[in-house]
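Each remark here refers to the structure printed beneath this line.
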Amino acid sequence: RLKDQNPFGYLTRLVQACATESLGDFTLLLETRADWMLKNRIRFEQAIEAARLGGIRLAPYLVGIENFSQPELDRFNKGATAAGNVEFVEQAWRWAELRRDTFDLGHASFGFILFTPWTTIDDLRLNLAAVERTRFDRLRGSLLLSRVRLYPDGDFQAMPSVPKFTAGY
């Protein structure tokens, strides 16, 4: 698992080095942001091609989609867009279909938060439409279950109307 959330500047070189050293037949799990992956699409596609030569698979692992409703994303202060999240999931499916030997969605663990105390019916409608459009439900065991990791200095805790759940930790 690659812990660097923005490895795209060196990912192709890393994969090429692994191929040159015959270190193939493994899957490199990528923890990253959907918007960074899209922004670096050309670099990532070069890494996918290099992976083919070395018998390596690249897999998005911990990628926070969080939501397909822009008002919810704004409340989460994610700095991401709902349209970008839809584009990422659709692109991931394209990569999986075109590059089956080197791009693996089998390890995908996309963060998704469907309900909060501030979720509206409109948010749910937007999410349902995007889930159906992108087949996002096929990438998760359940849309209704989420794990929330609360960090004392995280964005969620910075929201003024949110109780300090991690106080004292």
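The structure displayed is predicted, hence computed values, not measured ones.
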Kindly work out whether a path of hydrophobic side-chain contacts (I/L/V/M/F/W/Y, heavy atoms less than 4.5 Å apart) joins Phe115 to Leu126.
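Not linked; separate clusters.
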
May I ask you to test the Leu38-Asp35 pair for a side-chain heavy-atom distance under 4.5 Å?
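They are not in contact (no side-chain heavy atoms under 4.5 Å apart), so the answer is no.
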
Looking at every non-hydrogen atom in both residues, tell me the closest pair between [X] and [Y] and how far apart they are.
X: Leu105; Y: Ala92; answer: CD1-O, 3.8 Å
X: Leu73; Y: Ala82; answer: CD1-N, 3.3 Å
X: Ala80; Y: Gln70; answer: O-NE2, 3.3 Å
X: Ala19; Y: Ala50; answer: CB-O, 4.4 Å

Just to verify, what does [X] make a salt bridge (charged side-chain N to carboxylate O under 4.0 Å, His left out) with, not counting sequence neighbours?
X: Glu90; result: Arg133
X: Arg135; result: Glu97
X: Arg13; result: none

Partner residues of Asn67 under the side chain to side chain donor-acceptor pair (under 3.5 Å) criterion, sequence neighbours left out
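Side chain to side chain donor-acceptor pair (under 3.5 Å) check on Asn67 returns Asn127.
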
With rounding to the nearest 0.5 angstrom, report the [atom1] to [atom2] distance, [X] to [Y].
X: Ile113; Y: Phe76; atom1: CD1; atom2: CZ; value: 4.5 Å
X: Ile48; Y: Ile56; atom1: CD1; atom2: CD1; value: 12.5 Å
X: Leu53; Y: Thr102; atom1: CG; atom2: OG1; value: 9.5 Å
X: Leu124; Y: Leu128; atom1: CG; atom2: CG; value: 8.5 Å
X: Arg33; Y: Glu66; atom1: CZ; atom2: CD; value: 9.0 Å
X: His107; Y: Ser109; atom1: NE2; atom2: OG; value: 11.5 Å

Once side-chain contact (heavy atoms from CB on, under 4.5 Å) is applied, do any residues pair with [X], and if so which ones, sequence neighbours excluded?
X: Leu98; value: none
X: Ala47; value: Leu11, Thr12, Leu58
X: Ile42; value: Gln46
X: Asn6; value: Asp4, Phe8, Trp36, Asn40

Determine, using ring centers only, whether Phe88 and Phe110 are less than 6.0 Å apart.
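When the ring centroids of Phe110 and Phe88 are compared, they turn out to be within the sub-6.0 Å range.
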
What residues, two or more places apart in sequence or in another chain, satisfy ring pair (Phe, Tyr, Trp, His ring centres under 6.0 Å) together with Trp95?
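Trp95 satisfies ring pair (Phe, Tyr, Trp, His ring centres under 6.0 Å) with Phe44, Phe103 only.
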
Which pairs with one or both residues in residues 98-111 pass salt bridge (Lys or Arg N to Asp or Glu O under 4.0 Å), sequence neighbours excluded?
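Sorted pair list: Glu49-Arg99.
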
Among residues two or more places apart or on two chains, list those pairs meeting salt bridge (Lys or Arg N to Asp or Glu O under 4.0 Å) that have a residue in residues 107-124.
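Salt bridge (Lys or Arg N to Asp or Glu O under 4.0 Å) check on residues 107-124 returns Arg75-Asp123, Asp122-Arg125.
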
So, the side chain of Gln91 versus the backbone of Arg41: is there a donor-acceptor pair under 3.5 Å, distance only?
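It does not hold such a pair.
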
Give every donor-acceptor pair under 3.5 Å between a side-chain atom in residues 23-32 and any protein atom, sequence neighbours left out.
residue : atom : partner : partner atom : Å
Thr27   : OG1  : Arg57   : NE           : 2.9
Thr27   : OG1  : Arg57   : NH2          : 3.4
Glu31   : OE2  : Arg1    : NE           : 2.8
Thr32   : OG1  : Gln5    : O            : 2.7

If the plane angle is over 60° it's perpendicular, under 30° parallel, otherwise tilted; pick one for Phe136 and Phe68.
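Plane angle over 60°, so perpendicular.
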
With a 3.5 Å cut-off and no angle check, do the side chains of Glu72 and Thr119 form a donor-acceptor pair?
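Yes, Thr119 and Glu72 have a side-chain donor paired with an acceptor closer than 3.5 Å.
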
